[in-house]
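Reading through the structure tokens given below for one structure.
All chains are named by letter (A, B, ...) in the order of the sequence lines, taking the proteins before the strands, and each is independently numbered beginning at 1. In this text, all values refer to a predicted model and were calculated from it rather than measured experimentally.
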There are 2 protein chains.
Amino acid sequence: MAEAHDALFRTLADPTRRALFERLCREGEKTVGALTAQAGVSQPVVSRHLALLKQAGLVRDRHEGRQTHYSAQLDALAPLVDWTSQMAGFWQSRFDRLEDLLKRMDQ
Amino acid sequence: MAEAHDALFRTLADPTRRALFERLCREGEKTVGALTAQAGVSQPVVSRHLALLKQAGLVRDRHEGRQTHYSAQLDALAPLVDWTSQMAGFWQSRFDRLEDLLKRMDQ
DNA sequence: GATATATAGACAGATAAGCATATATTTCAG
DNA sequence: CTGAAATATATGCTTATCTGTCTATATATC
């Protein structure tokens, strides 16, 4: 379970890779060529980043003729949301306990 | 703005560092010594990780005598939440446009 | 003086990104 | 059928960054 967070954070930590993912989120499905045209890095590098994103479950690929279309897979962000709200939840529950304590002290 | 995401993802990508942050979220304020005792790495390493977490705004420190107490700073996760919901938002709006298109085609 | 922490130096090892290039695959077009 | 196009993948290389070690040492507190 921690490994999922590991892969997510690690995969999204690279700016180039995160930029690719963001573009797919913003603009929807894109071919490798279209992504390469604006990525500022070479095509093999783009392909490798896409492979890593796919490995992390963050993107999906669809083959059409000699092109490959990539699109963002939003479900993959769920562990991130879970983790975040879990952290916030721990904080909240500690806050609740503190409130309880203060309430009891008040009596 | 992207730099904030950069720092957050990069800071949380390291397992040891993320574990420290998670412990602070779960168990509340802790001294460096207490954190070191279970971190599996040396005290200087723990201090450096804490410095990086602090630099990213993820933790806060409080000096008390010769000890330093660290605690999680949940606000720092806001950009992460924003980013996530922004990505989901882009997806949603494209989905909406698709629905509109289908609706129009249906007529 | 002992304790708790921060910080710094030097070093080793791992990991990752980037490049260039080559090549294999599949697909499409002439 | 042949060649070009789109992509994936691999190799080799360079460079950078990061984590960790250990070993100081500075600082403040008790």
Side-chain angles (χ1 to χ4, degrees), chain A residues 2-24 27-73, chain B residues 2-24 27-73:
Chain A
E3 298 78 22
H5 300 148
D6 235 62
L8 270 184
F9 281 117
R10 201 170 356 101
T11 305
L12 292 171
D14 181 70
T16 305
R17 198 156 48 223
R18 195 173 60 254
L20 284 171
F21 179 69
E22 289 178 3
R23 266 193 76 198
L24 290 176
E27 309 172 15
E29 204 176 58
K30 288 253 173 286
T31 67
V32 177
L35 291 169
T36 300
Q38 299 190 25
V41 292
S42 69
Q43 175 262 317
V45 169
V46 169
S47 278
R48 245 179 91 244
H49 280 306
L50 289 171
L52 290 173
L53 284 167
K54 183 181 171 186
Q55 195 180 326
L58 285 161
V59 300
R60 203 166 52 88
D61 59 346
R62 179 176 69 79
H63 298 278
E64 186 181 316
R66 52 185 151 176
Q67 296 185 320
T68 310
H69 298 256
Y70 279 87
S71 54
Q73 196 71 11
Chain B
E3 298 77 25
H5 300 147
D6 235 61
L8 271 184
F9 281 118
R10 199 168 359 97
T11 304
L12 292 171
D14 181 70
T16 305
R17 197 157 48 225
R18 196 174 59 254
L20 283 171
F21 179 68
E22 290 178 2
R23 266 193 77 197
L24 290 177
E27 309 171 17
E29 205 177 56
K30 288 252 173 287
T31 67
V32 177
L35 290 169
T36 301
Q38 299 190 25
V41 290
S42 69
Q43 176 264 316
V45 169
V46 169
S47 279
R48 249 179 88 242
H49 280 306
L50 289 171
L52 290 174
L53 285 167
K54 183 182 172 186
Q55 194 178 329
L58 284 161
V59 300
R60 204 166 54 87
D61 59 346
R62 181 175 69 81
H63 299 279
E64 186 182 317
R66 52 186 153 177
Q67 295 185 320
T68 309
H69 298 256
Y70 279 87
S71 54
Q73 196 70 11

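- Taking all atoms of both residues into account, the shortest heavy-atom contact from B/V41 to B/T16 is CG2-CG2, 4.2 Å.
- Atom C1' of nucleotide C/dA16 and atom CG of A/D6 are separated by 15 Å, given to the nearest angstrom.
- In plain terms, the two heavy atoms of A/A72 and A/F21 that are nearest each other are CB-CE1, 3.8 Å.
- Computed from coordinates, the A/Q67 CD to D/dA4 P distance equals 19 Å when rounded to whole Å.
- Atoms CZ (A/R10) and C1' (C/dA17) sit 15 Å apart, rounded to a whole Å.
- When rounded to the nearest whole Å, the span between CG of B/L12 and P of D/dT19 equals 12 Å.
- Contact between A/A56 and A/T11 at its shortest, heavy atoms only, is CB-OG1, 3.6 Å.
- Between B/L50 and B/D61, the closest side-chain pair of non-hydrogen atoms is not below 4.5 Å.
- Counting only distance, with no hydrogens or angles, the side chain of A/R17 and the backbone of A/L12 share no donor-acceptor pair below 3.5 Å.
- Heavy-atom distances under 4.0 Å link DNA chain C to no residue of residues 51-62 of chain B.
- The NE2 atom of B/H69 sits 8 Å away from the P atom of C/dT5 (whole-angstrom rounding).
- Counting heavy atoms from C-beta outward, B/L24 and B/V59 have side chains that approach closer than 4.5 Å.
- Contacts with DNA chain C (heavy atom under 4.0 Å) in residues 34-48 of chain A: A/V41, A/S42, A/P44, A/V45, listed by number.
- Here C/dA16 presents its C1' atom at 9 Å from NE2 of A/H49, a figure rounded to the nearest Å.
- Closest contact between the side chain of B/R66 and the listed nucleotides C/dT5, C/dT26, C/dT3 involves C/dT3.
- In this entry the distance linking CG of B/L20 with P of C/dT5 reads 13 Å, nearest Å.
- Heavy-atom minimum distance, B/V32 versus B/S47: CG1-OG, 4.0 Å.
- At a threshold of 4.5 Å between non-hydrogen side-chain atoms, the residues B/L52 and B/L58 do not count as touching.
- The side chain of B/Y70 places an N or O atom within less than 4.0 Å of a non-bridging phosphate oxygen (OP1 or OP2) of C/dA6.
- Using a 4.0 Å cut-off, no side-chain N or O of A/H63 falls inside it from OP1 or OP2 of D/dA6.
- OP1 or OP2 of D/dG20 sits under 4.0 Å from a side-chain N or O of B/T16.
- At whole-Å resolution of the value, CG in B/D14 and P in C/dA16 are 12 Å apart.
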Criterion side-chain contact (heavy atoms from CB on, under 4.5 Å) on B/R18 and A/D6, from CA distance to verdict
CA-CA 9 Å; B/R18 196 174 59 254; A/D6 235 62; 2.5 Å; yes
